[in-house]
Amino acid sequence: MLGYRSTFAIDIDHCDTTDRDHVVANVLGEAMTWLRRTKGDQDIETVEPGVQTTLESGREVVYLHDRTESGTEYGRLVAFDPPQGDGQRWVTNLLVGLDHNASGRDRKSWPEVTIEIIAPDDPADPGRPRWTSRPRLVQAILGSFTCDDHGFLMADGPRPIEEDQVEELLEQLAETDHHGLVILCGEDGTVPRSIWQDRLALITRETLGQASVFLLDRAAMEVFNTQVSPGHQLAAYSPRTFRPGALLDDVSDGYRHRALSMETLLNSRIDQLTRSFGRASREHANRIALDRSLRRLDVITGMRLDALYRASSTGAPVP
(Lines give C-alpha, C1' and ligand atoms only; values in the text may rest on other atoms or scores of the structure.)
Protein backbone atom coordinates (compact mmCIF):
# COMPACT_ATOMS: atom_id res chain seq x y z
CA MET A 1 0.00 0.00 0.00
CA LEU A 2 1.16 3.55 -0.69
CA GLY A 3 2.59 4.94 2.53
CA TYR A 4 4.27 8.06 1.18
CA ARG A 5 4.57 10.01 -2.06
CA SER A 6 6.48 13.20 -2.81
CA THR A 7 6.34 14.87 -6.23
CA PHE A 8 8.32 17.94 -7.28
CA ALA A 9 10.51 19.47 -9.99
CA ILE A 10 14.17 20.44 -9.86
CA ASP A 11 14.65 24.13 -10.65
CA ILE A 12 17.56 23.51 -12.97
CA ASP A 13 17.89 27.25 -13.73
CA HIS A 14 18.70 28.05 -10.09
CA CYS A 15 20.55 24.88 -9.12
CA ASP A 16 24.33 25.13 -8.77
CA THR A 17 24.92 21.43 -8.02
CA THR A 18 24.14 19.99 -11.46
CA ASP A 19 23.17 20.79 -15.06
CA ARG A 20 20.68 19.47 -17.61
CA ASP A 21 23.12 16.95 -19.07
CA HIS A 22 23.81 15.26 -15.75
CA VAL A 23 20.80 15.87 -13.51
CA VAL A 24 19.04 12.53 -14.11
CA ALA A 25 22.25 10.60 -13.47
CA ASN A 26 22.93 12.71 -10.38
CA VAL A 27 19.48 12.03 -8.91
CA LEU A 28 20.05 8.31 -9.43
CA GLY A 29 23.45 8.82 -7.82
CA GLU A 30 21.80 10.28 -4.72
CA ALA A 31 19.69 7.13 -4.49
CA MET A 32 22.78 4.94 -4.75
CA THR A 33 24.49 7.01 -2.06
CA TRP A 34 21.40 6.67 0.16
CA LEU A 35 21.50 2.89 -0.18
CA ARG A 36 25.21 2.78 0.62
CA ARG A 37 25.30 5.25 3.52
CA THR A 38 21.87 4.83 5.09
CA LYS A 39 21.04 1.21 4.31
CA GLY A 40 24.61 -0.08 4.50
CA ASP A 41 24.61 -1.61 1.02
CA GLN A 42 28.31 -1.27 0.27
CA ASP A 43 27.91 -3.57 -2.74
CA ILE A 44 25.39 -1.27 -4.48
CA GLU A 45 28.07 -0.42 -7.06
CA THR A 46 27.76 -3.96 -8.42
CA VAL A 47 24.23 -3.32 -9.69
CA GLU A 48 24.06 -2.81 -13.44
CA PRO A 49 21.27 -0.99 -15.32
CA GLY A 50 18.36 -3.26 -16.15
CA VAL A 51 19.58 -6.12 -13.96
CA GLN A 52 17.60 -6.92 -10.83
CA THR A 53 20.24 -7.71 -8.22
CA THR A 54 20.05 -9.15 -4.72
CA LEU A 55 22.58 -7.45 -2.45
CA GLU A 56 24.33 -9.01 0.53
CA SER A 57 21.74 -7.44 2.84
CA GLY A 58 18.95 -9.32 1.06
CA ARG A 59 17.67 -6.09 -0.49
CA GLU A 60 16.73 -6.39 -4.16
CA VAL A 61 17.52 -3.41 -6.39
CA VAL A 62 16.87 -2.64 -10.03
CA TYR A 63 17.36 0.61 -11.90
CA LEU A 64 16.93 2.00 -15.40
CA HIS A 65 18.58 4.98 -17.13
CA ASP A 66 17.56 5.53 -20.72
CA ARG A 67 15.63 7.77 -23.14
CA THR A 68 12.26 7.39 -24.80
CA GLU A 69 11.97 7.61 -28.58
CA SER A 70 10.59 11.14 -28.15
CA GLY A 71 13.71 12.32 -26.33
CA THR A 72 12.71 12.16 -22.67
CA GLU A 73 15.57 11.00 -20.46
CA TYR A 74 14.47 9.01 -17.44
CA GLY A 75 15.85 7.21 -14.44
CA ARG A 76 14.00 4.78 -12.24
CA LEU A 77 15.19 2.86 -9.19
CA VAL A 78 13.22 0.33 -7.18
CA ALA A 79 14.59 -1.08 -3.92
CA PHE A 80 12.83 -3.99 -2.19
CA ASP A 81 13.72 -4.38 1.47
CA PRO A 82 14.10 -7.96 2.74
CA PRO A 83 10.72 -9.55 3.57
CA GLN A 84 9.50 -9.22 7.15
CA GLY A 85 8.13 -12.04 9.26
CA ASP A 86 4.71 -11.84 7.61
CA GLY A 87 6.28 -11.86 4.14
CA GLN A 88 5.51 -8.17 3.47
CA ARG A 89 8.24 -5.73 2.55
CA TRP A 90 8.98 -2.03 2.28
CA VAL A 91 9.61 -0.82 -1.28
CA THR A 92 11.21 2.48 -2.35
CA ASN A 93 10.36 3.69 -5.84
CA LEU A 94 12.18 6.66 -7.44
CA LEU A 95 11.31 8.08 -10.86
CA VAL A 96 12.92 11.11 -12.52
CA GLY A 97 12.31 12.39 -16.04
CA LEU A 98 13.64 15.23 -18.19
CA ASP A 99 12.22 16.27 -21.57
CA HIS A 100 15.24 17.36 -23.61
CA ASN A 101 12.94 18.78 -26.28
CA ALA A 102 11.53 21.37 -23.87
CA SER A 103 13.30 24.71 -24.04
CA GLY A 104 13.15 28.00 -22.22
CA ARG A 105 13.45 28.93 -18.56
CA ASP A 106 10.18 27.62 -17.18
CA ARG A 107 8.96 24.57 -15.29
CA LYS A 108 8.26 22.54 -18.43
CA SER A 109 11.99 22.28 -19.06
CA TRP A 110 12.80 21.14 -15.49
CA PRO A 111 13.36 17.54 -14.42
CA GLU A 112 10.39 16.05 -12.56
CA VAL A 113 10.77 13.65 -9.66
CA THR A 114 8.45 11.40 -7.71
CA ILE A 115 9.42 9.19 -4.77
CA GLU A 116 7.02 6.61 -3.40
CA ILE A 117 7.29 4.32 -0.38
CA ILE A 118 5.15 1.18 -0.53
CA ALA A 119 4.45 0.17 3.07
CA PRO A 120 3.26 -3.12 4.58
CA ASP A 121 -0.28 -3.30 5.89
CA ASP A 122 -0.82 -1.89 9.37
CA PRO A 123 -1.76 -4.87 11.58
CA ALA A 124 -3.50 -2.52 14.02
CA ASP A 125 -5.55 -0.87 11.26
CA PRO A 126 -6.37 -3.33 8.44
CA GLY A 127 -6.76 -1.73 5.04
CA ARG A 128 -4.31 1.08 5.78
CA PRO A 129 -0.53 1.27 5.28
CA ARG A 130 1.87 1.18 8.19
CA TRP A 131 3.06 4.61 9.33
CA THR A 132 5.85 5.80 7.03
CA SER A 133 8.37 8.20 8.55
CA ARG A 134 9.96 10.95 6.49
CA PRO A 135 12.22 9.21 3.97
CA ARG A 136 15.92 9.98 4.17
CA LEU A 137 16.13 9.67 0.39
CA VAL A 138 13.73 12.60 0.03
CA GLN A 139 15.72 14.56 2.59
CA ALA A 140 18.93 13.89 0.63
CA ILE A 141 17.49 14.98 -2.72
CA LEU A 142 15.84 18.12 -1.33
CA GLY A 143 19.14 18.99 0.33
CA SER A 144 21.18 18.46 -2.83
CA PHE A 145 19.02 20.23 -5.43
CA THR A 146 16.75 23.29 -5.64
CA CYS A 147 13.32 21.64 -5.66
CA ASP A 148 9.96 23.22 -6.47
CA ASP A 149 6.31 22.22 -6.08
CA HIS A 150 4.62 24.43 -8.70
CA GLY A 151 5.93 27.67 -7.20
CA PHE A 152 6.65 26.55 -3.64
CA LEU A 153 10.29 25.89 -2.78
CA MET A 154 10.64 22.46 -1.21
CA ALA A 155 12.95 22.52 1.79
CA ASP A 156 13.59 20.86 5.13
CA GLY A 157 12.27 23.18 7.82
CA PRO A 158 10.33 26.47 7.93
CA ARG A 159 11.24 29.33 5.62
CA PRO A 160 10.91 32.97 6.76
CA ILE A 161 8.46 35.25 4.95
CA GLU A 162 8.81 39.03 5.13
CA GLU A 163 6.40 41.80 4.21
CA ASP A 164 7.53 42.20 0.60
CA GLN A 165 7.04 38.46 -0.06
CA VAL A 166 3.41 38.27 1.03
CA GLU A 167 1.90 39.21 -2.35
CA GLU A 168 3.63 36.31 -4.10
CA LEU A 169 2.63 33.96 -1.28
CA LEU A 170 -1.03 34.94 -1.67
CA GLU A 171 -0.91 34.31 -5.41
CA GLN A 172 0.59 30.87 -4.90
CA LEU A 173 -1.96 29.90 -2.23
CA ALA A 174 -4.74 30.51 -4.75
CA GLU A 175 -3.17 28.17 -7.32
CA THR A 176 -4.51 24.63 -7.64
CA ASP A 177 -1.54 22.82 -9.18
CA HIS A 178 0.78 22.25 -6.22
CA HIS A 179 0.87 18.74 -4.77
CA GLY A 180 1.61 19.52 -1.14
CA LEU A 181 0.01 21.40 1.71
CA VAL A 182 1.20 24.85 2.78
CA ILE A 183 1.61 25.50 6.51
CA LEU A 184 1.74 29.14 7.57
CA CYS A 185 2.50 30.43 11.03
CA GLY A 186 2.79 34.04 12.14
CA GLU A 187 4.67 35.52 15.06
CA ASP A 188 4.34 38.78 17.00
CA GLY A 189 7.69 38.94 18.75
CA THR A 190 6.59 37.69 22.18
CA VAL A 191 8.63 34.51 21.70
CA PRO A 192 12.25 34.69 20.44
CA ARG A 193 12.29 33.70 16.76
CA SER A 194 15.05 31.13 17.22
CA ILE A 195 13.02 29.29 19.86
CA TRP A 196 9.76 29.34 17.94
CA GLN A 197 11.38 28.44 14.61
CA ASP A 198 12.98 25.38 16.21
CA ARG A 199 9.65 24.34 17.73
CA LEU A 200 7.79 24.82 14.44
CA ALA A 201 10.47 22.82 12.63
CA LEU A 202 10.07 20.00 15.15
CA ILE A 203 6.29 19.68 14.94
CA THR A 204 6.32 19.85 11.11
CA ARG A 205 9.39 17.64 10.47
CA GLU A 206 7.25 14.72 9.22
CA THR A 207 5.75 16.90 6.48
CA LEU A 208 9.07 16.82 4.59
CA GLY A 209 8.49 16.57 0.83
CA GLN A 210 4.73 16.86 1.24
CA ALA A 211 4.26 20.38 2.58
CA SER A 212 5.92 23.79 2.50
CA VAL A 213 6.25 25.52 5.87
CA PHE A 214 6.56 29.29 6.24
CA LEU A 215 7.08 31.54 9.25
CA LEU A 216 5.72 35.08 8.85
CA ASP A 217 7.14 37.89 10.95
CA ARG A 218 4.81 40.41 12.57
CA ALA A 219 4.76 42.83 9.62
CA ALA A 220 4.19 40.03 7.10
CA MET A 221 1.37 38.56 9.19
CA GLU A 222 -0.35 41.94 9.44
CA VAL A 223 -0.16 42.45 5.67
CA PHE A 224 -1.39 38.91 5.07
CA ASN A 225 -4.40 39.40 7.34
CA THR A 226 -5.40 42.64 5.60
CA GLN A 227 -5.43 40.88 2.21
CA VAL A 228 -7.56 37.85 3.11
CA SER A 229 -11.02 37.26 4.50
CA PRO A 230 -11.55 36.95 8.27
CA GLY A 231 -11.95 33.21 7.69
CA HIS A 232 -8.37 32.89 6.42
CA GLN A 233 -6.48 35.13 8.82
CA LEU A 234 -3.52 33.99 10.88
CA ALA A 235 -3.09 34.23 14.64
CA ALA A 236 0.35 34.44 16.19
CA TYR A 237 1.93 31.07 17.00
CA SER A 238 -1.05 29.18 15.58
CA PRO A 239 0.01 27.13 12.52
CA ARG A 240 -2.59 27.06 9.74
CA THR A 241 -2.65 24.42 6.99
CA PHE A 242 -3.74 25.66 3.56
CA ARG A 243 -4.93 23.29 0.88
CA PRO A 244 -4.48 24.09 -2.84
CA GLY A 245 -6.89 26.56 -4.44
CA ALA A 246 -7.55 28.77 -1.42
CA LEU A 247 -10.40 31.23 -2.09
CA LEU A 248 -8.92 33.94 0.04
CA ASP A 249 -11.82 36.38 -0.31
CA ASP A 250 -14.49 33.80 0.60
CA VAL A 251 -15.03 33.57 4.36
CA SER A 252 -16.66 30.13 4.12
CA ASP A 253 -13.61 28.70 2.35
CA GLY A 254 -11.64 29.27 5.53
CA TYR A 255 -13.13 26.07 7.00
CA ARG A 256 -11.01 24.05 4.54
CA HIS A 257 -7.79 25.41 5.99
CA ARG A 258 -7.51 24.28 9.59
CA ALA A 259 -5.61 26.18 12.26
CA LEU A 260 -4.02 24.74 15.39
CA SER A 261 -4.55 26.97 18.41
CA MET A 262 -1.78 27.96 20.78
CA GLU A 263 -3.71 26.28 23.58
CA THR A 264 -3.60 22.97 21.71
CA LEU A 265 0.10 23.45 21.05
CA LEU A 266 0.82 24.04 24.73
CA ASN A 267 -1.32 21.12 25.95
CA SER A 268 -0.18 18.49 23.45
CA ARG A 269 2.91 16.33 23.38
CA ILE A 270 5.44 17.20 20.69
CA ASP A 271 5.43 13.68 19.26
CA GLN A 272 1.63 13.74 18.96
CA LEU A 273 1.73 17.05 17.09
CA THR A 274 4.52 15.82 14.81
CA ARG A 275 2.62 12.65 13.90
CA SER A 276 -0.61 14.64 13.40
CA PHE A 277 0.98 17.03 10.89
CA GLY A 278 2.67 14.08 9.20
CA ARG A 279 -0.57 12.14 8.80
CA ALA A 280 -2.33 15.19 7.38
CA SER A 281 0.40 15.68 4.78
CA ARG A 282 0.39 11.95 3.87
CA GLU A 283 -3.39 11.84 3.44
CA HIS A 284 -3.28 14.84 1.14
CA ALA A 285 -0.18 14.23 -0.98
CA ASN A 286 -0.69 10.48 -1.38
CA ARG A 287 -3.99 10.95 -3.17
CA ILE A 288 -2.81 13.65 -5.60
CA ALA A 289 -2.30 12.14 -9.05
CA LEU A 290 1.06 12.44 -10.78
CA ASP A 291 1.44 15.07 -13.47
CA ARG A 292 0.83 13.84 -17.01
CA SER A 293 4.50 13.54 -17.99
CA LEU A 294 5.35 11.48 -14.91
CA ARG A 295 2.30 9.25 -15.42
CA ARG A 296 3.55 8.52 -18.95
CA LEU A 297 7.04 7.68 -17.71
CA ASP A 298 5.59 5.55 -14.93
CA VAL A 299 3.81 3.42 -17.55
CA ILE A 300 6.86 3.19 -19.83
CA THR A 301 9.29 2.23 -17.08
CA GLY A 302 6.74 -0.05 -15.45
CA MET A 303 6.44 -2.04 -18.68
CA ARG A 304 10.22 -2.34 -18.90
CA LEU A 305 10.47 -3.50 -15.30
CA ASP A 306 7.69 -6.02 -15.79
CA ALA A 307 9.55 -7.42 -18.79
CA LEU A 308 12.69 -7.73 -16.65
CA TYR A 309 10.71 -9.55 -13.97
CA ARG A 310 9.20 -12.00 -16.44
CA ALA A 311 12.68 -12.74 -17.78
CA SER A 312 13.96 -13.48 -14.26
CA SER A 313 13.10 -16.51 -12.19
CA THR A 314 14.14 -14.88 -8.91
CA GLY A 315 13.06 -11.25 -9.23
CA ALA A 316 10.34 -9.69 -7.11
CA PRO A 317 7.29 -8.19 -8.87
CA VAL A 318 7.38 -4.43 -9.15
CA PRO A 319 4.44 -2.77 -7.33
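The structure displayed is predicted, hence computed values, not measured ones.
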Visitor: Quick one, Ile115 and Leu95 - any side-chain contact, counting heavy atoms below 4.5 Å?
Guide: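 No, their side chains stay 4.5 Å or more apart.
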Visitor: Test: salt bridge (charged side-chain N to carboxylate O under 4.0 Å, His left out). Region: residues 167-179. Which pairs qualify, not counting sequence neighbours?
Guide: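 Residue pairs with at least one partner in residues 167-179: there are none.
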Visitor: According to the salt bridge (charged side-chain N to carboxylate O under 4.0 Å, His left out) rule, which pairs have a member within residues 181-196, sequence neighbours left out?
Guide: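 Applying salt bridge (charged side-chain N to carboxylate O under 4.0 Å, His left out) to every pair that reaches into residues 181-196, excluding sequence neighbours, yields Glu187-Arg193.
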Visitor: Taking the inter-plane angle between the rings of His257 and Phe242 on a 0 to 90° scale, is it parallel (under 30°), tilted (30 to 60°) or perpendicular (over 60°)?
Guide: parallel
Visitor: If you draw the axis of the six-membered ring of Trp34, does the NZ or CZ of Arg136 fall within 45° of it and under 6.0 Å from the ring centre?
Guide: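 Because its charged atom misses either the 6.0 Å distance or the 45° angle limit, Arg136 does not stack over Trp34.
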Visitor: Side-chain atoms of residues 178-185: list all donor-acceptor pairs with protein atoms under 3.5 Å, sequence neighbours left out, distances to 0.1 Å.
Guide:
unit_1 : atom_1 : unit_2 : atom_2 : d
His179 : ND1    : Asp149 : OD1    : 3.1
His179 : NE2    : Asp291 : OD1    : 3.2

Visitor: Run through the side-chain heavy atoms of Ile, Leu, Val, Met, Phe, Trp and Tyr, join any pair under 4.5 Å, and report what else lands in Met303's cluster.
Guide: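 Besides Met303, the hydrophobic cluster comprises Val299, listed by chain and residue number.
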Visitor: Is it the case that Asn286 and Glu116 place a side-chain donor and acceptor less than 3.5 Å from each other?
Guide: no
Visitor: Determine yes or no for a side-chain-to-main-chain donor-acceptor pair under 3.5 angstrom, with Thr226 supplying the side chain and Val223 the backbone.
Guide: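 Yes; judged by distance alone, with no hydrogens or angles, the pair exists.
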Visitor: Donor-acceptor check, side chain of Asn225 to backbone of Leu234, threshold 3.5 angstrom: yes or no?
Guide: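 Such a contact is found between Asn225 side chain and Leu234 backbone.
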Visitor: Check ring-ring contact (aromatic ring centres under 6.0 Å, His included) between Tyr63 and all other residues, then give those that pass, not counting sequence neighbours.
Guide: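 Tyr63 satisfies ring-ring contact (aromatic ring centres under 6.0 Å, His included) with no residue once adjacent residues are dropped.
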Visitor: Ignoring hydrogens and geometry, is there a side-chain-to-backbone donor-acceptor pair from His284 to Ala211 under 3.5 Å?
Guide: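 Not confirmed, His284 side chain does not pair with Ala211 backbone.
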Visitor: Does Arg258, at its CZ atom, have more than 12 non-hydrogen atoms belonging to other residues, nucleotides or ligands within less than 6.0 Å?
Guide: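 Result for CZ/Arg258: open.
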Visitor: Going from CG on Leu137 to CG on Leu35, what distance comes out if it is rounded to the nearest 0.5 angstrom?
Guide: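 Taking CG in Leu137 and CG in Leu35, the distance rounds to 8.0 Å.
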Visitor: Using a 3.5 Å distance criterion without hydrogens, assess whether the side chain of Ser276 forms a donor-acceptor pair with backbone atoms of Thr274.
Guide: no
Visitor: State yes or no: do Leu28 and Val51 share one hydrophobic cluster built from I, L, V, M, F, W and Y residues joined by side-chain heavy-atom distances below 4.5 Å, directly or via other members?
Guide: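 Unlinked, Leu28 and Val51 end up in two clusters.
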Visitor: Looking only at side chains, do His150 and Gln172 share a donor and an acceptor under 3.5 Å apart?
Guide: no
Visitor: Could you work out, with side chain to side chain contact (heavy atoms under 4.5 Å, CB included) as the rule, every residue matching Asp164, not counting sequence neighbours?
Guide: Glu162
Visitor: Tell me, yes or no, whether the heavy-atom count around Glu56 atom CD, taken from other residues, nucleotides or ligands under 6.0 Å, exceeds 12.
Guide: no
Visitor: How would you list, by chain and number, every residue that makes a salt bridge (Lys or Arg N to Asp or Glu O under 4.0 Å) with Arg159, sequence neighbours excluded?
Guide: none
Visitor: Any pair with a residue in residues 41-52 that passes salt bridge (charged side-chain N to carboxylate O under 4.0 Å, His left out), sequence neighbours left out, goes on the list, sorted by first then second residue, please.
Guide: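 The answer is Arg36-Glu45, Asp41-Arg59.
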Visitor: Can a donor-acceptor pair be found, under 3.5 Å and without considering hydrogens, that links the side chain of Ser281 to the backbone of Gly278?
Guide: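 Checked: pair present.
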Visitor: Please list all pairs meeting salt bridge (charged side-chain N to carboxylate O under 4.0 Å, His left out) that have one or both residues in residues 202-225, counting only residues at least two apart or in different chains.
Guide: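 Output for this query lists Glu206-Arg282.
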Visitor: May I ask you to decide if the ring planes of Tyr237 and Trp196 are parallel, tilted or perpendicular, using 30° and 60° as cut-offs?
Guide: perpendicular
Visitor: Quick one: side-chain hydrogen bond (donor to acceptor under 3.5 Å, both in side chains) partners of Gln197, sequence neighbours excluded?
Guide: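 Here no residue qualifies.
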Visitor: When you compare the side chains of Ser6 and Gln210, does any donor N or O come within less than 3.5 Å of an acceptor on the partner?
Guide: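 Not at all, the side chains of Ser6 and Gln210 share no donor-acceptor pair under 3.5 Å.
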Visitor: side-chain contact (heavy atoms from CB on, under 4.5 Å), that's the test. Do Glu60 and Leu55 meet it? Break it down for me.
Guide: CA-CA 6 Å; Glu60 295 181 49; Leu55 304 177; over 6 Å; no
Visitor: Taking the side chain as every heavy atom from C-beta outward, state whether Gln233 and Phe224 have any pair of such atoms under 4.5 Å apart.
Guide: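 Of all side-chain heavy-atom pairs linking Phe224 with Gln233, none is under 4.5 Å.
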Visitor: If you measure only the distance, is there a donor-acceptor pair under 3.5 Å linking the side chains of Asn26 and Thr18?
Guide: yes
Visitor: Once salt bridge (Lys or Arg N to Asp or Glu O under 4.0 Å) is applied, do any residues pair with Asp298, and if so which ones, sequence neighbours excluded?
Guide: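 For Asp298 the salt bridge (Lys or Arg N to Asp or Glu O under 4.0 Å) partners, ignoring immediate neighbours, are Arg76.
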Visitor: Who are the side chain to side chain contact (heavy atoms under 4.5 Å, CB included) partners of Arg292, not counting sequence neighbours?
Guide: Arg295
Visitor: Consider only side-chain N and O atoms of Ser261 and Thr264, and report whether a donor and an acceptor are under 3.5 Å apart.
Guide: yes
Visitor: Would you say Arg5's side chain and Ile288's backbone share a donor-acceptor pair under 3.5 angstrom?
Guide: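 Flag set: sc Arg5 to bb Ile288 pair under 3.5 Å.
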Visitor: Test Arg134 against Asp156 for salt bridge (charged side-chain N to carboxylate O under 4.0 Å, His left out), laying out the working first.
Guide: CA-CA 11 Å; Arg134 59 187 243 154; Asp156 189 3; 3.0 Å; yes
Visitor: With no hydrogens and no angle check, do the side chains of Tyr74 and Arg304 hold a donor and an acceptor under 3.5 Å apart?
Guide: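 The answer is yes; a qualifying pair exists.
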Visitor: Can you tell me if Thr54 uses its side chain to pair, donor with acceptor, with the backbone of Gly58 under 3.5 Å?
Guide: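 Flag not set: sc Thr54 to bb Gly58 has no pair under 3.5 Å.
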